[in-house]
Protein chains: 2
Amino acid sequence: MAQKDTAGRILDAAEALFSEKGFAETSLRNITTKAGVNLAAVNYHFGSKKSLIQAVFARYLTPFSEQFSQQLNIIEQRENTPEQLLKLLVLTLNKSGLENPEKFGVFMRLLGLAYSQGQGHLRKFLTSEYGEVFNRYMKEVNRVTPELTPMERFWRIHFMLGAAVFTMSSVDSLMAMADHDLGTQSDVKDVVSQLMPFLASGLMANDKND
Amino acid sequence: MAQKDTAGRILDAAEALFSEKGFAETSLRNITTKAGVNLAAVNYHFGSKKSLIQAVFARYLTPFSEQFSQQLNIIEQRENTPEQLLKLLVLTLNKSGLENPEKFGVFMRLLGLAYSQGQGHLRKFLTSEYGEVFNRYMKEVNRVTPELTPMERFWRIHFMLGAAVFTMSSVDSLMAMADHDLGTQSDVKDVVSQLMPFLASGLMANDKND
DNA sequence: ATGAAATTCAAACATACGTTTTAAACGCTT
DNA sequence: AAGCGTTTAAAACGTATGTTTGAATTTCAT
């Protein structure tokens with residue numbers, strides 16, 4: 001097939017436009033024009049714009065969630081380090097439809113939007129669909145950071161999530177900025193490999209400054 | 001005065017609604033209804049919705065930028081630690097109209113939106129108005145991290161920015177989540193004091209894992 | 001080949017938006 | 001008190017949005 005079916009083309013166009021401009025700023029006419037399909041096709045295939053947004057996430061997260069669940073079965077039965085848990089996350093992302101860095105950046109941008117622009121329907125959809133796997137991963141994080149209080153652990157996990165989502169959301173323009181200011185060519189892979197020691201160090205920081 | 005003038009009431013309402021729902025999702029009718037003023041008042045006092053957005057940022061950033069510039073004059077002439085540079089940032093934020101934690105969270109949420117929803121006019125406005133002070137601060141960061149390569153420093157600064165912006169953007173719902181899951185009452189002050197050692201540790205992490 | 005189901009299409013619908021207009025009300029100097 | 005610039009008010013304008021409609025077209029098993 002030279003090109004996908006209508007529903008697939010809509011998903012491709014929607015995902016690209018959403019990640020560039022956000023949900024509210026992207027109209028169905030933008031999407032259908034880019035996809036080369038009729039305007040009514042969105043409501044025909046997905047029912048509504050909200051359902052389309054959820055479908056864009058599901059196309060990434062459902063394969064990832066299944067892969068991740070399998071990997072959790074393994075690591076749940078052995079001792080791990082924080083670095084290993086981080087690496088597991090990145091590797092699983094790469095194994096489930098996000099192998100090329102470009103797609104990876106798009107996905108992280110969508111994830112950031114889900115937090116900053118999630119009106120509620122997205123949040124509910126994501127937690128009800130993928131909350132269980134997320135909780136299993138959190139249990140493993142608890143295991144490798146026994147010296148942290150639940151409070152510390154909770155916040156540091158979100159600090160880490162913020163650093164990752166924020167940076168990867170605008171990784172393209174940041175890399176361009178780095179190239180311009182420092183004259184160094186960058187790669188998403190490089191950024192991720194810089195991010196991981198940063199996150200691990202922050203997670204394990206010993207806060208004895210009182 | 002029992003209540004501010006029309007322009008001030010518009011700014012208050014706009015800032016609250018923007019930080020809750022984003023720029024595109026907030027209509028002028030939302031704003032003027034909440035402010036208790038006529039719809040046309042926005043275009044009369046600010047010219048356009050874009051200018052109103054810029055005015056909301058300027059009300060915070062102009063006092064902050066002046067305060068911060070003065071503080072920079074001092075610390076530029078002494079040796080500092082990374083922790084001191086972070087503390088300077090937080091203290092100056094608190095001294096320039098953001099003393100109560102609620103306002104602080106609102107401001108951080110707006111800052112996050114400026115990154116994730118900035119269509120261009122905001123970015124240009126912010127860098128042209130406050131870029132110089134930002135660059136002076138960055139020079140000080142360079143001084144206290146001589147062991148980092150420019151590349152490492154660049155990315156770690158943005159990791160830090162991401163952790164701070166992301167977490168503080170949704171600090172209210174995160175604190176509610178922490179209270180629900182862990183049964184512990186939290187405070188924005190507490191979160192900030194947890195964030196700072198995390199950021200400092202990440203910034204100074206020695207990446208010798210090759 | 002045929003007929004029913006699935007899909008595509010152009011067009012219109014109802015609604016919400018930012019902005020503009022015009023007139024009325026207000027505040028302040030003279 | 002009069003007059004004038006400033007501010008507020010209600011209404012309408014033009015445009016863009018998400019959604020629905022009903023007919024045309026394609027798909028596909030019989």
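The model shown is predicted, which means the values in this text are computed figures rather than measured ones. Convention: sequence-line order gives letters A, B, ...; per-chain numbering from 1.
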**Asked** Taking atom C1' of dT19(C) as reference, at what distance in whole Å does atom NE2 of H45(B) sit?
**Response** 16 Å
**Complete:** From NZ of K21(A) across to P of dA16(D) the rounded distance in Å is 13 Å
**Prompt:** Which whole-number value in Å describes the distance from H121(A) NE2 to dG18(D) C1'?
**Reply:** 13 Å
**Request:** Examine dG18(D): is either OP1 or OP2 under 4.0 Å from a nitrogen or oxygen in the side chain of S48(A)? Give yes or no.
**Result:** no
**Request:** Quick one: closest heavy-atom pair of R9(A) and A35(A), and the distance?
**Result:** NE-O, 3.0 Å
**Prompt:** What is the distance from NZ of K49(B) to C1' of dA16(C), rounded to the nearest Å?
**Reply:** 12 Å
**Complete:** Separation of dT7(D) atom C1' from I10(B) atom CD1, nearest Å, is 11 Å
**Asked** Do R156(B) side-chain atoms and F198(A) backbone N/O form a donor-acceptor pair below 3.5 Å?
**Response** no
**Complete:** Correct closest heavy-atom pair for S19(B) and L113(B) would be CA-CD1, 4.1 Å
**Prompt:** Can you check the N38(A) CG to dG18(D) C1' distance for me, whole Å?
**Reply:** 14 Å
**Asked** Which part of the nucleic acid, if any, lies within contact of A40(A), taking any heavy atom under 4.0 Å across all strands shown: a base, the sugar-phosphate backbone alone, or nothing?
**Response** base
**Request:** Quickly work out the R29(B) CZ to dT19(C) P distance and round it to whole Å.
**Result:** 11 Å
**Item:** Sugar-phosphate, base or nothing in reach of T32(B), heavy atoms under 4.0 Å
**Value:** nothing
**Request:** Provide, to the nearest angstrom, the distance between the CG atom belonging to L39(A) and the P atom belonging to dT17(D).
**Result:** 10 Å
**Message:** Distance to the ring centre below 6.0 angstrom and angle to the axis at most 45 degrees; does that hold for R123(B) and Y115(B)?
**Reply:** yes
**Prompt:** Closest nucleotide of DNA chain D for E25(A) versus for Y44(A): which of these residues is on the 5' side?
**Reply:** E25(A)
**Prompt:** Does S27(A) put a side-chain nitrogen or oxygen below 4.0 Å from OP1 or OP2 of dT17(D)?
**Reply:** yes
